[in-house]
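Input: a single structure, listed below in structure tokens.
These figures come from a predicted structure and were not determined experimentally. When reading the values below, keep in mind they use all heavy atoms of this one structure, side chains included, and skip hydrogens, waters and symmetry mates.
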Amino acid sequence: MQVLNPLALTALLAAPAAAFQGSDSCATPTPISGQSTFAFNNMGATTGPEGQSENLCAYGAGTSIENDVWFAWTSDFSGLAQITTCGGSADNTKIAAYAGANCPAPGSALACNDNLPCGIQATILISAQAGDTYMIQLGNAPGGTPFAPGTFDISELQPTLNPSNGHYYYQ
């Protein structure tokens, strides 16, 4: 029996979420949880059939998300979740999210975005419930080429109070 060095075990357990890269198959998504920055690498990824004809993903170049990788994200909060590659990638990214931890059924996207709001990177917003799992499909816009590994952020978007009317707004 091999004994793991305690320092190696500590480093493994303390490894940042950035160590995750994504799965090339929605059948075996990379599990992630909480609010953090997560690494993705779709440079060797194929374009699977799942999530390729979502109406919510219909942008100028088409509905597909090419060279896609998959994550099963479990939320640690109830509220509006922001999932973004802004500032974390040089690629022309596209992101979609689906409820549950299984390959998505056609037409089940909760959100999808390409090229907004920060140039060629993407951001989506979904209503999340603490403890629920969501499939995240992340890849390139149609015709885009993966140039380098990148990162994406998941965070809870907090509303801002407008003191003049007492209403809260998301910015």
Subject >> Sequence-distant partners of T133, side-chain hydrogen bond (donor to acceptor under 3.5 Å, both in side chains), two or more places apart >> reply: T74
**OP:** Decide yes or no for Y98 and S108: does some side-chain heavy atom of the first lie under 4.5 Å from some side-chain heavy atom of the second?
**Re:** yes
**OP:** Measure across C112 and Y59 and return the closest heavy-atom pair with its distance rounded to 0.1 Å.
**Re:** O-OH, 2.8 Å
**OP:** Drop me the distance from M135's CE to C26's SG, to the nearest 0.5 angstrom.
**Re:** 5.0 Å
Original post:
ring-ring contact (aromatic ring centres under 6.0 Å, His included) between F152 and F71: does it pass, once the steps are laid out?
Top reply: CA-CA 11 Å; F152 66 101; F71 295 86; 4.9 Å; yes
Subject >> Non-hydrogen side-chain atoms of S33 and F38 separated by less than 4.5 Å >> reply: no
Original post:
Which heavy atom of Q21 sits nearest a heavy atom of A39, and at what distance?
Top reply: NE2-CB, 3.3 Å
Original post:
Quick one: CG on L138 to CZ on F40, what's the gap to the nearest 0.5 Å?
Top reply: 5.0 Å
**OP:** State, without any angle test, whether T84 and D153 hold a side-chain donor-acceptor pair at a distance under 3.5 Å.
**Re:** no
Original post:
In Å, rounded to the nearest 0.5 Å, how long is the span from CG of L157 to CG of L80?
Top reply: 5.0 Å
Subject >> L56 CG to L110 CG distance, which is reported to the nearest 0.5 Å >> reply: 8.5 Å
Original post:
Taking atom types as modelled, is there a side-chain donor on S23 or T28 under 3.5 Å from an acceptor on the other?
Top reply: yes
**OP:** Tell me, with the steps shown, if I83 and T123 meet side-chain contact (heavy atoms from CB on, under 4.5 Å).
**Re:** CA-CA 6 Å; I83 305 166; T123 298; over 6 Å; no
Subject >> side-chain hydrogen bond (donor to acceptor under 3.5 Å, both in side chains) partners for N162, two or more places apart >> reply: S164
**OP:** Applying side-chain contact (heavy atoms from CB on, under 4.5 Å), name anything that partners E156, two or more places apart in sequence or on another chain.
**Re:** Q35, F77, Q158
Subject >> Side-chain donor-acceptor contact under 3.5 Å, D68 with N42 >> reply: no
Subject >> CD1 on I154 to CD on Q82, rounded to 0.5 Å >> reply: 10.5 Å
